[in-house]
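Working notes, beginning with the structure itself.
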Amino acid sequence: QLALGGKFYEPTEMTILPNLDILIVQRRGSILLYKANTGEVKHVGQLDVYCQAKAAPGVNVEEGLLGLSKDPQFEKSHWVYMFYSPSDADVNRLSRFTLENDTILRSSEKIILDVKSQREICCHTGGSIAFGSDGLLYLSTGDNSTPFDEPGQKYVNRGYGPLNDTPGHEQYDARRSSGNTNDLRGKILRIRVNDDGTYSIPEGNLFPKGTEKARPEIYVM
């Protein structure tokens with residue numbers, strides 16, 4: 001699962017640090033650092049992630065270590081943000097970590113936001129992280145729904161919006177996720193992360209804070 005001889009295994013996102021070192025995350029949980037001055041690739045951390053189906057061994061999943069970005073004030077804070085699927089909870093999690101001496105300090109984790117996830121089957125997972133010029137954090141989330149290969153159905157969905165609300169077919173119904181104003185899946189979220197690891201809601205998101213049955217973190221549906 002490590003990078004050896006310049007080879008990577010399912011890399012998902014990278015961020016370029018001020019000294020031109022490059023931090024890289026891979027879906028199965030490994031965190032790598034490319035050293036600009038030597039060309040060396042180092043293993044600098046590992047997260048315990050859900051990345052293989054438990055109920056159906058051998059079945060592909062798309063979850064794991066999904067997103068990465070450095071803090072806008074990285075030179076001062078040494079903070080990096082990761083979006084990942086913890087193995088012990090059915091969520092995808094946005095957390096902040098400290099990078100010190102070429103090591104991700106696991107004890108430094110600040111959990112910022114959890115997005116629920118159903119793991120019976122894959123797919124449609126997101127997780128890219130970016131900061132705007134205004135210092136706000138933008139996070140894309142997958143809709144956790146499957147528009148293909150639904151078994152035992154008279155009418156087969158071939159890539160259109162999955163809209164099956166039959167009990168037991170929840171992962172074939174995106175109305176519960178991307179089409180739901182009260183759910184963070186299938187969206188672009190926008191928040192301001194505070195120094196203590198909490199977050200606040202900026203002006204201009206899709207639903208003003210206090211809107212009934214709507215999450216104020218949602219920026220784009």
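Note that the structure is predicted; figures quoted are calculated from it, not measured.
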Check whether more than 12 heavy atoms from other residues, nucleotides or ligands sit under 6.0 Å from atom [atom1] of [X], and answer yes or no.
{"X": "E100", "atom1": "CD", "result": "yes"}
{"X": "N37", "atom1": "CG", "result": "yes"}
{"X": "E75", "atom1": "CD", "result": "no"}

Exercise for the section: Go through the steps to decide whether K35 and D102 satisfy the test salt bridge (Lys or Arg N to Asp or Glu O under 4.0 Å), and finish with yes or no. Expected result: CA-CA 10 Å; K35 300 295 291 183; D102 291 352; 3.1 Å; yes
Completion exercise
Here the pair of heavy atoms bringing E13 nearest to L68 is OE1-N, 2.8 Å
Handout entry: For the student: nearest non-hydrogen atoms of S30 and L65, plus distance
Key = O-CD2, 3.8 Å
Any Lys/Arg nitrogen of [X] or [Y] sitting under 4.0 Å from an Asp/Glu carboxylate oxygen of the other?
{"X": "D196", "Y": "K110", "result": "no"}
{"X": "D183", "Y": "R215", "result": "no"}
{"X": "R28", "Y": "E10", "result": "yes"}

Practice task
Please check if the side chain of E170 supplies one atom and the backbone of G168 the other of a donor-acceptor pair under 3.5 Å.
Solution key: yes
Can you find a heavy atom in the side chain of [X] that is under 4.5 Å from one in the side chain of [Y]?
{"X": "K187", "Y": "S140", "answer": "no"}
{"X": "L184", "Y": "E217", "answer": "yes"}
{"X": "R175", "Y": "N180", "answer": "no"}

Practice task
Please determine if R119 forms a cation-pi arrangement with Y50, meaning its NZ or CZ atom is less than 6.0 Å from the six-membered ring centre and no more than 45° off the ring axis.
Solution key: yes
Practice task
Verify whether the ring centers belonging to Y138 and F131 lie closer than 6.0 Å.
Solution key: no
Handout entry: Residue pair V115, R185: steps toward the side-chain contact (heavy atoms from CB on, under 4.5 Å) verdict
Key = CA-CA 7 Å; V115 179; R185 292 171 291 182; 3.7 Å; yes
